[in-house]
Amino acid sequence: MKAIRKFTVRAVLPPALAALDELAGNLRWSWHEPTRVLFDHIEPELWREVGHDPTALLGAVAPARLIELASDVDYVAGVNAMRDDLREYLEKPRWYQGLDGDKPAAIAYFSPEFGIAAALPQYSGGLGILAGDHLKSASDLGVPLIGVGLFYRAGYFSQAIAADGWQLESYPLLDPDGLPLSVVRRPDGSAMPVALALPDGRTLHARIWKAAVGRITLLLLDTDIPENDDDLRQVTDRLYGGGGEHRLLQELLLGIGGARAVKRWTALTGHPEPDVFHTNEGHAGFLGLERISSLMGEGLDFGEALQVARAGTVFTTHTPVAAGIDRFELDLVRRYFSSDLLPAVNVDDVLALGAEADGAADVFNMAVMGLRLGQHANGVSKLHGEVSRRLFAALWPGFDESEIPIDSITNGVHAPTWTDPALLALAETRLGTSDTANADWASSRVSDDELWAVRTALRHQFVTDARLRLADSWRQQHPGGTVPGWIGDVFDPTVLTIGFARRVPSYKRLTLMLHDPNRLRALLTHPEHPIQIVIAGKSHPADDEGKRLIQQIVQFADDPKLRQRIAFLPDYNIAMAQLMYPGTDVWLNNPLRPFEACGTSGMKAALNGALNLSILDGWWPEYYDGQNGWAIPSANAGGDAAERDRFEAEALYDLIEHQVAPSFYDRSETGIPVRWVDSIRHSLAGLSPEVSADRMVKDYVEKMYRPAGRAEARLSADNYRAARELAAWKHAVVEAWPGVSVAHVESGGVAEVPEVGDELHLRAHVHLGGLSPDDVNVQVVYGTSHRDDELSDVHVQTLTPATGTDPDAAPDVAADAAPAAEGNGTDGARLFVGTVTLNHSGGFGYTVRVVPRHPLLHSAAEMGLVAVAG
Ligand SMILES: *Cc1c(COP(=O)(O)O)cnc(C)c1O
């Protein structure tokens, strides 16, 4: 019989154990091992069965067991001590509280997905896990973040594999009452709602859930409530479910509804209102429009409100390809913003924000809007910063790529979440710290034997888990059948174990390892140096190509001669990952460079002493040092795709055969791979602090949040005086700009054959179109020149307006272009002068340009205005 309605009844705990509720109610348990140990102690078997979920555990445990524990004085004392520890964690000043100088009172962090714990499946992959790790580190560091997202009834899909290797998807519904969430309520107990006006005169209502992630509150909006029409209840049905309008509704809810939820929640609780807004990828970009609308309510016009909203907004882009960007049909966006959604905001102003500089006229581009609404933008690794500056260069025509105002902050991962408890215990007992990311792993206080024993135990633990998963999968494929014996022998806990797990878009090249099946077979079954490979990953439900790749792997692994050495594990998720990363010796990553924006799974593997074997893409070029793993050489990106795959696959096989495997099996008399253990120490000590999310969050605070907070404060002071001035100034500059030009440039001072150290004197005659010299910077841009006249390694130096007494103003120079002009103001042009020292030999080139200047501009390129000589 099927239930027509389901709900979860929460357990009533004996009063002596009341603190367990408090501990279960804060997701700190998901990364705090001592708290997890307390839950495990209640009933270890059940704790495993419920997937390490305290709320589910407390709902399922027999009351008799709880009564028994309530009379166990030691356990009760342990629980109470842990509650006190949690309270202290929540209240005591941390890193952020110790920072000197201005800092934001609060930062709202928006993301379409959050991967915090297996028990709260609201993520599809790296983007969500990163967001979860960002919140956790912010909590540990005391950064006053407020998380904002959506609550999806079905989360992302759950993956099974059919007997023929085809991916099957299911969408188990979540019951929020059974999750560590509670509804945000007003003092009278009623739910605090959020509403959005829709074009057809209807209203989209949402309920706000909140989760406690350590010190951070995460607000999640949910439309599955009776106030909504049936179709609108489905808006938050699943993550990245539909396209077009469904997706637009989700993003309107996330951005606009999310900003409203933050406002209501801060008003309700007295938490400071955010002065900085951070959008993790472009999906939440509409939040900027809600902020503009709300500022317009305070009497600003659109242009003025835009300055304030921009100043306080941080936009992080995660995609290296145009195809990865959200784009909507322009007419669809027009329809939604022609309604009462944001009545103060003119729809044409909205559409202009999402207009592509070089693309189709009928699309609305969320990343482009993100960059226009976010004065502070970044990619997620150094390489991805470069790729992003290239990708979005059309928005800033006339500027060198290095000047495009997109910075980079390399992703990181939350060490306490991703470090196995066995390694944590080793750090605690031998190195006297629970901070595994900053422990002295090179120290001889941890012996090679001990470190290797832990690594071996981790491999065992993972192999056991993999076998259980494969048996489950077999049972699903063969209902009623008996699991065959060979599944109990899949993987050998002593064999070199290589892991590969990630989503399956084609650029990640899941099947590169199959390029030469015979060569792979030989590596797997090598008589002295065998390897084994574990693979996992979900293909997007609409991506049949990805599903075919999974099928190829599964079919290859079906071979009875190979199936104990290679296996695909269905349903990659946080729980699997937490055992897989520590259990592998080598983490493999072979994307098509440069399509991996950062990649974080290799970081999580590194935290546990696995070595990375990766293409130099994403984070790896920044951190690979020759001893912490291996770099797979990449072929030229311009070449033939098949040829490139062949080259890179062979490089991979060669590395495994000649370097990785021999090193792993090179053992001392006592069976320790001494060289390998050295590399593990080197990797743990060198990489862990760098790949930790604490480093990332500190970078965001210093490079993004504080500058954004300061910019926002400057513009808002005195009833937005500076915002009004800046908007008026920008308007005047835009109007005047067609009249701005470099009339001509004269140079002198260098010999006929210039030498390093020579000084080049420049005089530029510039038309200002009615602007004052203070409104502009006239700059010489110089660097290495190439045959096509392009400049590289570009430097910029500002020229100064000539005064009558300026020695450079003397006409000692020859005209580069046009006849020489005399003094100041021929044809109304102004003279700017300066000197550049020739600092390198070889091709040298320069040009002169004019850009707007204002103390509140973040970069020269910000307004996208430039007038270049010639
Ligand atoms: C870390 C992680 C990812 C992302 O890994 P990438 O290397 O960035 O692709 C995806 N899924 C899970 C479960 C993870 O833990």
Side-chain angles (χ1 to χ4, degrees), residues 30-31 51-52 111-134 136-137 155-159 239-240 280-281 316 318-320 324 379-381 383-384 410-420 462 465 469 498-510 512 534-540 546 569-584 586-608 610 612-615 617-620 623 629 687 691-693 696:
S30 69
W31 71 88
H52 302 169
S111 175
E113 42 176 311
F114 285 94
I116 292 162
L120 196 59
Q122 298 286 312
Y123 63 92
S124 75
L127 183 75
I129 309 239
L130 177 80
D133 283 3
H134 195 101
K136 292 172 183 176
S137 272
Y156 200 50
F157 73 92
S158 180
Q159 179 196 53
L239 192 47
Y240 309 135
N280 186 39
E281 192 46 287
T316 300
H318 288 264
T319 178
V380 291
S381 66
L383 178 60
H384 180 241
T410 304
N411 285 343
V413 297
H414 186 245
T417 298
W418 293 107
T419 307
D420 192 274
F462 167 66
D465 182 65
R469 287 175 186 277
I498 300 182
F500 183 102
R502 43 186 58 84
R503 292 178 304 108
V504 193
S506 56
Y507 78 83
K508 299 217 186 213
R509 294 194 295 189
L510 173 70
L512 188 73
V534 52
I535 303 147
K538 294 175 175 180
S539 172
H540 188 280
L569 301 186
D571 209 22
Y572 182 40
N573 62 15
I574 291 181
M576 183 197 292
Q578 284 177 323
L579 297 176
M580 184 187 274
Y581 302 141
T584 52
V586 172
W587 194 252
L588 173 63
N589 184 31
N590 52 32
L592 269 177
R593 190 175 192 273
F595 294 138
E596 185 73 272
C598 178
T600 50
S601 52
M603 297 176 165
K604 296 179 239 174
L607 284 181
N608 288 283
N612 278 272
L613 169 58
S614 173
I615 295 274
D617 198 10
W619 69 290
W620 195 227
Y623 292 114
L687 281 180
V691 302
S692 117
M696 168 181 74

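Counting convention: from 1, in listed order, for ligands and their atoms alike. Computed from a prediction, not measured in an experiment: that's the story for all the values here.
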_Sequence-distant partners of Glu281, side chain to side chain donor-acceptor pair (under 3.5 Å), two or more places apart_ =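 None.
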
Donor-acceptor list for residues 591-600 side chains, cut-off 3.5 Å, not counting sequence neighbours:
| from | atom 1 | to | atom 2 | distance (Å) |
| --- | --- | --- | --- | --- |
| Arg593 | NE | Leu616 | O | 2.5 |
| Glu596 | OE1 | Lys508 | NZ | 3.2 |
| Glu596 | OE2 | Lys508 | NZ | 3.4 |

Show the distances, to 0.1 Å, for all pairs joining an N/O atom of ligand 1 and a protein N/O atom that are shorter than 3.5 Å, listing one pair per line.
| from | atom 1 | to | atom 2 | distance (Å) |
| --- | --- | --- | --- | --- |
| ligand 1 | 7 (O) | Thr600 | N | 3.3 |
| ligand 1 | 7 (O) | Ser601 | N | 3.0 |
| ligand 1 | 7 (O) | Ser601 | OG | 2.5 |
| ligand 1 | 8 (O) | Thr600 | N | 2.9 |
| ligand 1 | 8 (O) | Thr600 | OG1 | 3.3 |
| ligand 1 | 9 (O) | Lys508 | NZ | 2.9 |
| ligand 1 | 15 (O) | Tyr581 | OH | 3.1 |
| ligand 1 | 15 (O) | Lys604 | NZ | 2.6 |

_Cation-aromatic face contact Lys538/Tyr156, 6.0 Å, 45 degrees_ =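 Geometry flag: not set, cation outside 6.0 Å or 45°.
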
*Can Arg502 be said to sit on top of Phe500's aromatic six-ring, NZ or CZ under 6.0 Å from centre and within 45° of the ring axis?*
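Ring-cation test returns yes.
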
*With sequence neighbours excluded, give me every salt bridge (Lys or Arg N to Asp or Glu O under 4.0 Å) pair touching residues 574-584.*
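Every pair satisfying salt bridge (Lys or Arg N to Asp or Glu O under 4.0 Å) with a residue in residues 574-584: there are none.
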
*Test side chain to side chain contact (heavy atoms under 4.5 Å, CB included) applied to Asp420 and Gln578, step by step*: CA-CA 7 Å; Asp420 192 274; Gln578 284 177 323; over 6 Å; no

